[in-house]
Amino acid sequence: MTDTPTPTSYTVPGLVPTGPRLITARFDVADGFTYDGYVRTGGYTALRKALTSMTPQQVHDEVRTSEMQGRGGAGFPAGTKWGFLPPDVFPRYLVINGDESEPGTYKDRMLMELDPHQLIEGVVIAAYAIGAAQAFLYVRGEMALAQERLAQALNDAYANGLVGRNILGTDFSVDVTLTWGAGAYIVGEETALIESLEGERGMPRLKPPFFPAAKGLYMQPTIVNNVETLSNVPWIINESGQAFHDLGAPTSTGMRMFAVSGHVNRPGVFEVPNGITTFRMLFEAPEYCGGVRHGRSVKAFIPGGASAMWFFDEHLDLPLDKPTVDQAGSMLGSGAIVVMDDRTDMVAACWRVVRFFARESCGKCTPCREGTTWLERILKRMLDGHGRADDLATLLDVCESISPGLAWPPRQTTICPLGPSAVSPIASAVRRFQHEFEHYVQHGRPIDGVERHAIHGAGAHV
Amino acid sequence: MPRLTDANVTIAKEIIGRYPRPKSALIPILHLAQEQDGYVSEDAMRHIAELLGITPAEVYGTATFYEMFKFEPVGRYCINVCTNISCQLLGAWELLEHAEHHLGIKAGSTTDDGMFTIEDVECIAACTEAPALQVNYRYRYRVTHAEFDLLIADLRAGGLADEIPPHGTLARVRQRTPQNWADTGRTAQAEVDAR
Amino acid sequence: MSDETIDDTDGTDVDAATEPEPEPKRTLTVTVDGRPFEAQPGSMVIDAAIAAGSYVPHFCYHPRMTPVGMCRQCFVEVDGPRGPMMVVSCMTPVAEGQVVRTDTPQVKRAQEGVLELLLVNHPLDCPVCDKGGECPLQDQAFSHGPGESRFVEQKRHWEKPIPISDLVFLDRERCIQCDRCTRFADEVAGDKLIHFISRGNDTQVMTFPDEPFSSYFSGNTVQICPVGALTASPYRFKARPWDLDQRASTCTTCSVGCRTVVQSTRDELVRYQGLDVESVNWGWLCDRGRFNFESIGSDDRLTTPLVRGESGLEPTSWTGALGAAARLVTEALESGGPRSIGILGGARGTNEDAFAWAALADALGVTLRDAQVGDGLPTEVLGLPRATITDAANAPTIVLLGPDLKEELPVLYLRLRDAAEKRRSRIVELSSVGTGLSRYAWKRFPYEPGLGAQAVSAALADPEVRDQLARGPVVVVAGRGNLAESQEVATATLASLLDGLTGAGASWSVLPALRRGNVVGALQLGMAPSEGAGGGLDVLRAAAEGRLELLVLVGSDPMADCPDTDLARRALAGARRIVAVDTFLTASSEQADVVLAAAAYGEKDGTTTNLEGRVSGVVAKVTATGTSRPDWMIATELGLALGHDLGFGSVDDVTDAIATRVPAYAGVTRTAVARNVEGVLTEAPLAFLPPASSSAGERNNYDYRLVVSRTLYDRAVGTATSPSLAHLAPGPAALVHPLDLELVGVSAGTEVQLVGARSSVVLPLHTDATVPRGTVRVRFQQGGGSVGELVDASTPIVDVRIERL
Ligand SMILES: Cc1cc2nc3c(=O)[nH]c(=O)nc-3n(C[C@H](O)[C@H](O)[C@H](O)COP(=O)(O)O)c2cc1C
Ligand code: SF4
Ligand code: FES
């Protein structure tokens with residue numbers, strides 16, 4: 001038990017498709033999170049380069065050339081997103097999404113705790129590129145250490161003239177305000193994040209008309225980017241957008257952080273070349289996870305966060321490449337991979353993910369507010385041994401009301417994708433393991449050979 | 001019930017100054033109130049409403065949306081056991097059951113001596129270190145049952161006081177508003193108003 | 001949804017009021033279910049679909065509020081670039097060539113799915129729910145819903161109806177989280193006292209603990225709640241919708257003249273609902289207007305005429321009472337001639353009532369008359385270039401020189417607040433104390449009572465104000481903000497403002513902010529003082545000085561309404577005889593020799609004129625109490641008893657006579673009024689304000705200058721006899737700036753003595769930060785130590801000392 005993450009989690013093995021460590025390199029440096037440690041290891045050179053030898057347009061062009069996909073979940077290219085800002089509308093804002101809460105996702109916290117200056121450098125460069133007056137660094141409320149490290153880093157960066165007025169003696173100024181949430185997953189959704197930043201309940205806005213780039217924070221143009229996305233910016237400026245593009249696959253450029261958790265021997269967070277590594281390599285290579293625990297096999301795995309459709313053994317050889325995974329019917333999302341071995345109770349797993357969405361629904365849309373809770377209650381009743389004959393049909397029907405067609409990518413009767421996300425685990429698990437659900441209904445207990453959990457009483461609304 | 005102390009009002013005003021619009025400072029100031037009293041009292045909410053020029057109902061509406069704000073006193077140490085999927089797969093429910101048994105309370109409640117509150121929480125972003133928990137938002141990874149008992153003993157003995165402040169205190173380092181604060185927020189407000 | 005409201009509460013940085021946008025003339029052609037339809041640009045698909053005759057079910061959408069798209073019930077299919085798309089119609093703007101389908105299988109499936117989910121937690125208590133029978137959710141469930149719920153889990157449980165204010169109950173189990181009430185409180189009323197709290201499936205509407213939803217507009221939330229979650233205490237369990245009988249009418253509580261729907265069951269009024277008309281109230285009502293129907297059924301109503309006998313006022317027959325009244329008139333005419341008779345009133349009745357009484361006065365040659373008793377402005381104000389409410393709400397600049405509109409003309413307050421919040425208008429406020437609109441004002445020019453002219457000069461000298469005036473039409477909202485300041489001073493201030501605006505080249509018009517329901521109608525239809533005869537105060541003075549043989553009070557209550565209580569008291573004592581027409585025995589009518597029981601609103605047909613000169617209908621919905629009769633009928637019968645046939649056999653005769661005899665009412669025919677839900681606008685002949693002097697004089701050795709102002713709830717008879725409202729009057733109090741309270745040296749709530757030149761009264765002293773130092777504000781008509789005792793209508797202002805007891 002330690003307070004800082006175990007070092008093994010950050011080790012990027014030298015085998016399997018290798019690549020440089022773009023944003024995790026400093027994780028091994030004991031004082032990498034301090035100002036001195038950061039500067040000593042080459043920090044803030046990109047900022048100097050951008051501010052003193054590049055125009056904002058040139059910075060933007062480098063990022064555009066890199067074709068870096070956003071790391072927050074949607075995977076939209078950052079350079080393209082920046083280009084959506086309407087010209088000549090000021091003030092405009094940069095908002096950094098550090099609300100990491102998608103189950104399975106564990107990378108932004110590391111970047112904030114172990115290399116806060118890298119993020120700040122990326123933020124200031126991005127603000128320069130898009131002409132932002134002010135940037136808001138929104139950190140998840142439950143991450144006390146990240147908040148402390150970022151606060152210290154910002155204070156140091158201000159003191160050294162790297163943020164604030166006339167940065168590095170140029171006439172570029174930007175303030176970065178550190179702000180944090182208070183426990184609400186939905187606030188990770190960008191428009192909800194904006195509401196939260198305005199001091200409101202974090203309920204998403206309907207897009208259109210409220211696309212942040214046009215009408216965001218205070219109804220002004222706003223760019224929302226993920227922590228990992230912006231942490232890559234200093235490297236891109238130092239090494240060029242083309243160099244970034246040359247890493248990974250052409251359809252998913254650069255390196256990318258994946259957290260692999262669940263039933264593997266060595267769960268961990270790895271920075272791997274995008275699009276080249278396959279799921280199997282991640283799970284089996286001794287340099288990564290070293291195989292499924294107890295030598296068992298993979299029953300199912302979640303490839304990109306709790307919202308994603310589940311994958312099964314036939315998907316193991318897919319590369320971690322956005323279009324490929326999209327095409328196979330799921331998503332890489334926020335780089336959260338959860339492995340379930342053959343002893344996993346699919347109904348329990350499915351319930352747990354659904355309970356998450358039911359608890360975290362903001363309550364704005366009827367289908368999500370009422371539907372996710374209903375789904376959770378049916379599943380819980382099944383787990384408790386009180387399943388009814390028509391439960392499975394009702395489950396699928398309620399899913400249909402939230403996400404018509406049960407299609408992927410989901411169609412939705414809701415404002416944001418949270419409600420439909422609760423449908424993914426059900427659609428995945430029921431499609432493949434219907435017999436496990438039916439067994440619960442008929443016998444009040446799981447099929448033989450799966451592990452039972454000591455789940456007690458804990459529904460979405462206890 | 002307590003309002004914000006003068007010292008905290010000063011901090012609150014500094015926080016307000018960092019945003020283009022006062023209401024944006026609401027959540028940070030609610031945290032400040034929770035840091036002061038361990039929970040957010042009604043008087044504190046009234047006081048915050050005054051500071052921001054909004055109604056107490058608005059403060060309440062925002063505050064109750066977020067899980068971290070407590071409206072009644074909780075234990076000095078809030079132990080949040082993650083039971084989400086990655087942790088569930090690796091024994092989180094068993095850990096939670098053990099914790100309940102060890103402390104003699106159910107999740108969602110507080111020990112009689114006011115020392116501990118246990119909660120069954122959603123993913124805390126430590127999935128590779130399952131089962132994981134937080135004590136006042138400080139992480140503990142791959143927690144075995146024995147380690148849990150040790151943790152409780154340590155906390156009771158005050159051995160972790162340096163590392164883990166009482167419930168309510170999040171970051172012990174605050175962002176300061178330095179000399180070279182560019183004050184872009186205010187400029188921004190002026191620009192918004194000019195429109 | 002986030003809004004663009006300004007967080008700043010002092011209101012100084014309200015955004016630029018832009019030129020009113022040119023009316024979009026173009027319409028767009030959309031196809032709804034195969035039918036082409038012309039839609040307004042900027043409107044939403046749901047508006048177009050419904051207008052085109054395709055009903056789209058919806059719960060959260062309300063045309064007078066920002067759409068939020070929460071309930072997800074209003075799905076339709078719209079052809080998009082990538083084929084048909086399901087969209088929520090309440091947040092999708094219409095577009096040229098758009099093809100909308102409201103009835104595809106996908107749409108129906110989505111709507112039914114949402115409906116089932118809405119019903120998951122909704123209780124099945126329709127039989128005991130006030131909304132049952134007029135509930136969109138019930139209707140939807142009936143026509144589209146699955147017969148039986150598949151939801152077998154426990155429903156959400158919350159404490160059954162909890163009072164969230166004095167008038168409104170909230171049943172959270174029935175709530176469907178549509179955000180209508182909370183949006184209303186925020187966007188429309190500006191009273192953000194109810195809010196969503198908690199999250200997800202626990203989301204509920206709530207107030208802050210111990211801070212009730214005390215809004216003057218709370219009843220509107222009950223009206224717009226699409227289910228029975230919000231109920232109003234005056235209506236709870238009173239009736240079932242299918243037993244209700246209703247007619248459109250007009251509220252006459254104040255001169256805004258909100259259109260209403262009056263509902264009754266078994267000959268009892270049970271509910272008023274707001275009617276949505278564009279030009280006046282947009283569907284809203286204030287709580288006083290909504291709930292004071294209770295007074296009509298009050299046990300205290302006069303049921304028969306009364307005549308003073310040996311043992312005071314005694315019930316009598318109409319023949320007896322009219323005979324007695326006629327005798328008093330005849331005696332007065334014989335002993336003092338027509339100049340010894342004064343008639344006050346008309347502002348509380350219909351146009352027909354006022355016109356009939358004016359006709360009777362004309363027949364008798366009585367010139368001493370007025371619909372006001374020194375509590376308004378001279379009639380000439382009505383002849384100034386007149387603005388409508390819509391003009392005011394679209395004017396780049398609104399100048400307020402008058403009462404606190406939130407207290408006196410609440411729905412006008414809503415309209416002007418909306419204009420300021422939506423950045424159409426900038427408000428310039430000239431007042432002695434803060435008002436409900438102060439926080440929305442762009443600029444404020446406070447002035448010491450009596451010195452309004454100085455504030456006018458200051459305002460007009462302000463370069464920003466001058467720039468602002470050049471941006472287009474200016475509407476002056478003019479009334480009496482301070483009843484302790486004489487009518488002459490108030491008039492002079494207004495005159496100097498209008499002169500100044502003319503001098504500044506502004507094009508201005510005036511919206512008169514007179515309070516009483518039909519004061520404008522009464523003044524326009526003959527109850528104004530005739531030229532040279534003097535106004536209501538002069539009538540009272542004549543009576544006080546013993547020059548009146550007979551004083552006729554037609555729904556007028558000088559003891560309550562005249563700011564100068566002493567004058568009123570002396571007038572009632574000094575008039576040799578008094579005839580009163582009234583619905584209740586008031587402090588004035590109880591001194592009469594003959595009291596003629598009058599029918600009240602809801603008991604009589606006719607028309608009324610609002611402050612902009614808009615005439616709309618009022619209707620009889622229940623039988624008149626006892627033998628009470630409408631005022632016009634009483635005038636007509638009294639005329640007959642005196643040998644003057646006014647020629648009115650029915651109320652319609654009077655309405656017709658008004659349309660033919662009064663030029664300004666030429667277009668106001670019965671059919672025009674009946675057909676036009678917006679009412680018919682009259683035009684007033686142009687007049688000019690009489691020059692008036694305004695020297696408030698130096699402050700004497702008294703420390704505080706007095707402001708007397710009204711509040712929405714007071715001891716006025718209509719409120720006092722409505723049980724749900726009676727206890728809402730804030731009660732007597734003197735209000736000073738917190739620092740002045742310190743200076744007096746008492747704690748808040750302590751009784752102190754206000755000593756004036758004429759008299760003194762004892763009142764509890766409280767603080768009000770909007771009262772400037774050196775000023776004391778007292779609410780009018782609150783009972784207790786009557787502040788009217790301090791007011792001398794013949795002096796420009798009133799100064800007082802505050803003494804500890
Ligand atoms: C329900 C929901 C939760 C989300 N949570 C997060 C989050 O925790 N962190 C994050 O960066 N993005 C999250 N997103 C994605 C954001 O809306 C947004 O797309 C992202 O922050 C943009 O950054 P990027 O373009 O750099 O990826 C979430 C989206 C949804 C719909
Ligand atoms: S889908 Fe759920 S979380 Fe998203 S806006 Fe609607 S209610 Fe809120
Ligand atoms: S009416 Fe459109 S979502 Fe409610």
Side-chain angles (χ1 to χ4, degrees), chain A residues 183-184 186 191 194-195 198-206 208-210 215-219 357-374 376-378 380-381 386 388 390-391 393-394 397-402 404-405 411-415 418-419 459-461, chain C residues 1-7 59-60 67-75 85-88 90-93 105-107 109-122 137 146 149-157 176-179 182 186 195-204:
Chain A
I186 187 58
T191 57
I194 286 169
E195 287 280 317
E198 293 183 1
E200 305 289 340
R201 302 159 57 76
M203 310 210 287
R205 302 173 178 173
L206 190 67
F210 300 104
K215 287 179 171 188
L217 188 59
Y218 315 122
M219 290 297 146
F357 291 111
R359 268 200 181 184
E360 297 296 340
S361 165
C362 81
K364 193 168 182 175
C365 316
T366 305
C368 175
R369 179 184 67 243
E370 308 291 343
T372 55
T373 313
W374 191 359
E376 187 273 334
R377 297 239 229 144
I378 295 174
K380 185 69 180 17
R381 200 159 36 70
H386 306 298
R388 297 159 63 116
D390 53 359
D391 275 350
T394 308
D397 230 32
V398 175
C399 285
E400 170 77 25
S401 293
I402 303 173
R411 277 192 279 150
Q412 57 194 58
T413 57
T414 53
I415 291 175
L418 187 147
H461 296 274
Chain C
M1 287 295 127
S2 166
D3 54 6
E4 296 202 54
T5 50
I6 296 288
D7 290 311
F59 294 107
C60 65
V68 285
M70 283 184 78
C71 73
R72 319 302 294 170
Q73 178 75 132
C74 65
F75 278 107
M85 289 190 319
M86 286 232 294
V87 296
V88 282
C90 68
M91 284 192 80
T92 306
Q106 287 86 340
V107 165
R109 171 65 183 85
Q111 290 177 352
E112 281 160 24
V114 171
L115 189 66
E116 178 179 28
L117 291 167
L118 275 173
L119 292 168
V120 152
N121 274 299
H122 192 79
L137 183 60
S149 177
R150 293 180 292 178
F151 186 77
V152 296
E153 333 294 323
Q154 273 254 320
K155 285 181 192 263
R156 263 193 305 257
H157 275 302
I176 57 165
Q177 287 83 17
C178 70
D179 197 21
T182 36
D186 173 358
H195 211 286
F196 276 138
I197 65 158
S198 298
R199 188 178 72 206
N201 207 37
D202 290 332
T203 306
Q204 51 193 292

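Here is the naming used below: chain letters follow the sequence lines, and residue numbers restart at 1 for every chain.
- Per-residue heavy-atom pair counts under 4.5 Å with chain C were compared for T414(A), I186(A), T366(A), V398(A), and the maximum is reached by T366(A).
- Within the 4.5 angstrom heavy-atom criterion, no atom of F59(C) approaches chain A.
- We find the NZ-CZ distance between K364(A) and F196(C) to be 10.0 Å, quoted to the nearest 0.5 Å.
- Side chain of R369(A) to backbone of L118(C): no donor-acceptor contact under 3.5 angstrom is found.
- Your options are G363(A), G202(A), P404(A), S401(A), and the one with the most heavy-atom pairs under 4.5 Å with chain C is S401(A).
- Only the side chain of P209(A) comes within less than 4.5 Å of a heavy atom in chain C; its backbone stays farther off.
- Nearest heavy atoms, P367(A) versus L117(C): CA-CD1, 3.5 Å.
- Contacts between V120(C) and chain A at a heavy-atom distance below 4.5 Å involve the side chain alone, from C-beta outward.
- Using a 4.5 Å cut-off between heavy atoms, S198(C) touches chain A through its backbone atoms (N, CA, C, O) alone.
- Closest approach of T413(A) and A110(C) over heavy atoms only: CG2-CB, 4.5 Å.
- With a 4.5 Å cut-off on non-hydrogen atoms, D397(A) touches chain C through its backbone and its side chain both.
- Considering all non-hydrogen atoms of both residues, E370(A) and N201(C) come closest at OE1-OD1, 3.6 Å.
- The contact between F75(C) and chain A is made entirely by side chain atoms (from C-beta outward), counting heavy-atom distances below 4.5 Å.
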Could you give me the CA-CA distance, side-chain angles and deciding distance for K380(A) and E153(C), then say whether salt bridge (Lys or Arg N to Asp or Glu O under 4.0 Å) is met?
CA-CA 11 Å; K380(A) 185 69 180 17; E153(C) 333 294 323; over 6 Å; no
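- For V87(C), no part sits under 4.5 Å from any heavy atom of chain A, backbone or side chain.
- Within the 4.5 angstrom heavy-atom criterion, only side-chain atoms of R388(A), from C-beta onward, approach chain C.
- With a 4.5 angstrom heavy-atom cutoff, Q154(C) touches chain A via backbone and side-chain atoms both.
- Of all heavy-atom pairs spanning S361(A) and R199(C), the tightest one is O-CG, 3.4 Å.
- Only the side chain of R201(A) comes within less than 4.5 Å of a heavy atom of chain C; its backbone N, CA, C and O stay farther away.
- Listed for the R72(C) side chain is no donor-acceptor partner under 3.5 Å among the backbone atoms of C365(A).
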